[in-house]
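Accompanying notes for the structure given below.
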Amino acid sequence: MMKVKTPKNGRVKRELEKRAPKLVETGKKTLILQGTKTSGTLNGVLSEIYRLKKGGAVRFTRKNDNIRPFESGGETSLEFFSLKTDCSIFVYGSHSKKRPNNLVIGRMYDHHIYDLVEVGVENFKSIESFTYDKKLAPRMGSKPFIAFVGEGFENVDELKHLKEVLLDLLRGEVVENVNLAGLDRAYICTAISSNRVYLSHCALRLKKSGSVVPRMELVEVGPSMDLVVRRHRLPNEGLRKEAMKKAKDQPKKKVKNVSSDAVQGTIGKIYIPDQKIGDMALPNKAKGVKRERREAKKKEANERASKKQKEESE
C-alpha cells in the first residue's frame with residue numbers, strides 16, 4: 001500500500017494544485033533533452049526549439065545514456081523526468097552512424113509515453129543565418145499561425161501523425177480569442193514527399209490594404225529544416241480512448257418560469273393568487289365607508305321629504 005503524503009506548507013500545496021488535472025487544461029510544457037552522443041547540428045536544433053518555446057520549456061543539457069524511447073524499458077528515466085518537471089511533450093536528440101541527427105518527438109499521458117515520432121534533421125539553418133529587420137522579430141510568448149501545406153498531411157499516415165505532434169509542440173497555450181495585433185509569427189510545414197516535411201518559421205508584417213483587414217507579408221526569420229520521418233508509434237486503442245475522455249460540464253440549475261428570447265432577452269413569469277377582495281373585512285373607520293353612510297342617510301332623508309310632500313299635496 002502506497003503512503004500518501006500531504007503538503008506541509010502553502011507553497012507545496014499551490015504547486016500540487018497547478019499540476020492536478022483540470023477541466024480545461026493550460027498550455028503543455030516541453031522537455032528538451034539529449035542522448036549520449038549528439039552533433040553540432042543537433043545541438044543547434046535543440047537550442048532553437050528551446051528558444052522558440054522559452055517560457056514553456058525545460059531543457060536538460062547533461063547526456064543521458066539510458067533513454068531509448070522506442071525500446072522496452074528505455075523509457076523509465078524519460079517518464080521520471082516528465083513527472084519531475086510536469087512536462088507532457090518531450091524532444092529527445094541523439095546522433096549515431098545508423099541514424100544521424102535523430103530527433104524523437106513524443107507526447108505523454110499521465111506521465112507515461114502516449115505516442116512517438118522519430119525524424120531526421122537535414123538542411124538545418126539557424127536564426128543567425130537569416131538577415132532581416134530586427135523590429136520584425138517575434139515576441140516571446142506570442143500566439144503563432146500554423147499552416148500545413150500539401151496533400152500528404154491528409155493521405156499519408158506518417159505525415160498525419162507528425163501533423164498532430166507538431167501542432168501540440170508549436171501551438172502553445174490554447175485560447176478562445178486572439179488579438180490580431182498580437183499575431184506576429186507563423187510556422188509553415190510543407191509536405192515535399194511522403195516522408196519529408198520542410199519546416200520554416202516566418203514573421204508577419206502587417207501592411208495597409210485599403211480596408212479594415214490589413215495585408216500580411218511573410219518574412220523568413222528562421223530556423224528552417226527538413227524533417228525526414230523514420231519511425232513512428234501510435235498509441236493503442238485503449239489508451240487513446242482513455243486519453244480522449246472529456247469531463248462532463250456541470251449542468252446549470254434550471255430556473256422556473258424564466259426563459260430567454262433573442263429580441264427581449266430574459267423573460268420571467270410571476271404568478272399572483274386570487275386576492276378575493278369581496279371577502280376582505282374592511283375597518284369601520286375607513287373614509288370611504290363614512291362617505292357611503294352619509295350619502296345613504298342623505299338619500300333616505302330626501303326620499304322621506306318627497307313622500308311627505310306628495311301626501312300633503314293629495
Side-chain angles (χ1 to χ4, degrees), residues 27-64 67 87 89-97 99-106 117-150 159 162-163 165-172 182-193 195-205 216-230:
K28 298 180 179 180
K29 291 174 63 178
T30 305
L31 175 64
I32 302 172
L33 65 170
Q34 60 196 42
T36 307
K37 186 179 179 182
T38 56
S39 62
T41 301
L42 198 57
N43 288 332
V45 172
L46 296 177
S47 299
E48 297 294 352
I49 294 175
Y50 178 68
R51 185 173 177 180
L52 295 174
K53 296 280 295 181
K54 197 169 184 180
V58 178
R59 184 177 182 189
F60 291 168
T61 55
R62 290 185 177 181
K63 296 180 180 180
N64 301 276
I67 295 179
C87 293
I89 303 177
F90 71 89
V91 179
Y92 174 74
S94 62
H95 179 75
S96 64
K97 186 177 180 180
R99 293 187 176 89
N101 299 326
N102 198 53
L103 208 63
V104 180
I105 307 172
V117 175
E118 184 182 69
V119 295
V121 179
E122 297 179 2
N123 304 324
F124 171 70
K125 293 182 181 179
S126 63
I127 294 177
E128 284 73 16
S129 61
F130 291 87
T131 56
Y132 58 92
D133 188 2
K134 299 304 179 184
K135 293 180 180 179
L136 298 175
R139 295 181 293 273
M140 185 181 70
S142 60
K143 192 70 176 173
F145 277 120
I146 305 177
F148 292 91
V149 183
L159 296 187
L162 180 63
K163 176 182 176 181
V165 175
L166 288 178
L167 270 175
D168 273 349
L169 176 65
L170 301 175
R171 69 179 178 177
L183 294 171
D184 57 357
R185 70 172 72 194
Y187 293 104
I188 313 297
C189 303
T190 307
I192 301 174
S193 64
N195 68 335
R196 182 182 292 268
V197 174
Y198 175 67
L199 173 64
S200 62
H201 179 222
C202 301
L204 293 176
R205 178 185 293 175
M216 290 188 178
E217 288 187 358
L218 296 178
V219 180
E220 193 168 3
V221 297
S224 66
M225 66 193 83
D226 288 344
L227 302 177
V228 182
V229 181
R230 291 174 176 166

Next item on the list: Start with the C-alpha gap between Ile105 and Leu169, add the side-chain angles, then the distance that decides, and say whether side chain to side chain contact (heavy atoms under 4.5 Å, CB included) holds.
Entry: CA-CA 9 Å; Ile105 307 172; Leu169 176 65; 4.3 Å; yes
Note to self: Strictly below 4.0 Å, N to O, side chains only: are Lys54 and Glu48 in salt-bridge contact?
What the structure shows: no
Note to self: Using every non-hydrogen atom in the two residues, find where Tyr50 and Ala57 come nearest and quote the distance to one decimal.
What the structure shows: CE1-O, 3.7 Å
Note to self: Working to the nearest 0.5 angstrom, can you tell me the gap between Leu136 CG and Glu220 CD?
What the structure shows: 13.5 Å
Next item on the list: Would you please say whether a donor-acceptor pair under 3.5 Å links the side chains of Arg185 and Ser142?
Entry: yes
Check: With a 4.5 Å heavy-atom cut-off, do Thr190 and Val197 have their side chains touching?
Finding: no
Checklist line | Between OG1 on residue Thr36 and CG on residue Asn64, distance to nearest 0.5 Å | finding: 7.5 Å
Checklist line | Side chains of Ile89 and Lys29 in contact at under 4.5 Å (non-hydrogen atoms) | finding: no
Checklist line | Approximate separation, where rounding is to 0.5 Å, of Ser47 OG and Arg59 CZ | finding: 4.0 Å
Notebook entry, point to check: Under 4.5 Å between any side-chain heavy atoms of Leu159 and Val229, yes or no?
Noted result: yes
Next item on the list: With sequence neighbours excluded, tell me which residues meet ring-ring contact (aromatic ring centres under 6.0 Å, His included) with Tyr132.
Entry: none
Checklist line | Student check: side-chain heavy atoms of Ser224 and Asn123 closer than 4.5 Å | finding: no
Next item on the list: Please list, chain by chain and in numerical order, all residues satisfying ring-ring contact (aromatic ring centres under 6.0 Å, His included) with Phe148, sequence neighbours excluded.
Entry: Phe153
Check: CG/Leu46 to CZ/Phe60 distance, rounded to the nearest 0.5 angstrom?
Finding: 13.5 Å
Note to self: Rounded at 0.5 Å granularity, tell me how far CG in Leu199 sits from CG in Leu170.
What the structure shows: 6.5 Å
Notebook entry, point to check: Of all heavy-atom pairs between Ala191 and Gly150, which one has the smallest distance, and what is that distance?
Noted result: CB-CA, 4.3 Å
Margin query: Under a 3.5 Å distance rule, please check whether His201 uses its side chain to pair with a backbone N or O of Gly222 as donor and acceptor.
Written below: yes
Note to self: Please evaluate residues Arg230 and Glu122 with respect to the criterion salt bridge (charged side-chain N to carboxylate O under 4.0 Å, His left out), reporting the C-alpha separation (whole Å), side-chain torsions for both, the decisive distance (0.1 Å), and the verdict.
What the structure shows: CA-CA 13 Å; Arg230 291 174 176 166; Glu122 297 179 2; 5.3 Å; no
Next item on the list: Kindly indicate, with the supporting measurements, whether the criterion side chain to side chain contact (heavy atoms under 4.5 Å, CB included) is fulfilled by Phe145 and Cys202.
Entry: CA-CA 10 Å; Phe145 277 120; Cys202 301; over 6 Å; no
Notebook entry, point to check: Under the 3.5 angstrom rule, does the side chain of Asp184 hit a backbone N or O of Arg139 as a donor-acceptor pair?
Noted result: yes
Checklist line | Residues, nucleotides or ligands: over 12 heavy atoms within 6.0 Å of Tyr198 OH | finding: yes
Notebook entry, point to check: Around atom NZ of Lys135, are there more than 12 heavy atoms of other residues, nucleotides or ligands at under 6.0 Å?
Noted result: no
Next item on the list: Return yes if some donor-acceptor pair links the side-chain N/O of Asn195 with the main-chain N/O of Ser193 below 3.5 Å, else return no.
Entry: no
Check: If you measure only the distance, is there a donor-acceptor pair under 3.5 Å linking the side chains of Asn101 and Ser39?
Finding: yes
Margin query: Whether the side chain of Gln34 engages the backbone of Thr61 through a donor-acceptor N/O pair (distance < 3.5 Å, no angle test) should be reported.
Written below: yes
Note to self: Less than 4.5 Å apart, side chain to side chain, heavy atoms only: is that true for Ile49 and Ile32?
What the structure shows: yes
Notebook entry, point to check: Do Leu166 and Cys189 come close enough that some side-chain heavy atom pair is under 4.5 Å?
Noted result: yes
Notebook entry, point to check: Where the side chain of Ser129 meets the backbone of Lys125, is there a donor-acceptor pair that is under 3.5 Å apart?
Noted result: no
Checklist line | Minimum side-chain heavy-atom gap Ile146-Arg171 below 4.5 Å | finding: yes
Margin query: Looking at Lys53 and Val58, would you say the former's side chain and the latter's main chain have a donor-acceptor pair under 3.5 Å?
Written below: no
Note to self: Quick one: does any side-chain atom of Tyr92 pair with a main-chain N or O of Ile67 as donor and acceptor, under 3.5 Å?
What the structure shows: yes
Notebook entry, point to check: When rounded to the nearest 0.5 angstrom, what is the spacing between CG in Asn43 and OG1 in Thr38?
Noted result: 3.5 Å
Next item on the list: Take His95 and Asn102 through the side chain to side chain contact (heavy atoms under 4.5 Å, CB included) test and state the conclusion after the steps.
Entry: CA-CA 6 Å; His95 179 75; Asn102 198 53; over 6 Å; no
Item checked: Val91/Thr30 under side chain to side chain contact (heavy atoms under 4.5 Å, CB included): CA gap, chis, key distance, verdict -> CA-CA 7 Å; Val91 179; Thr30 305; 4.0 Å; yes
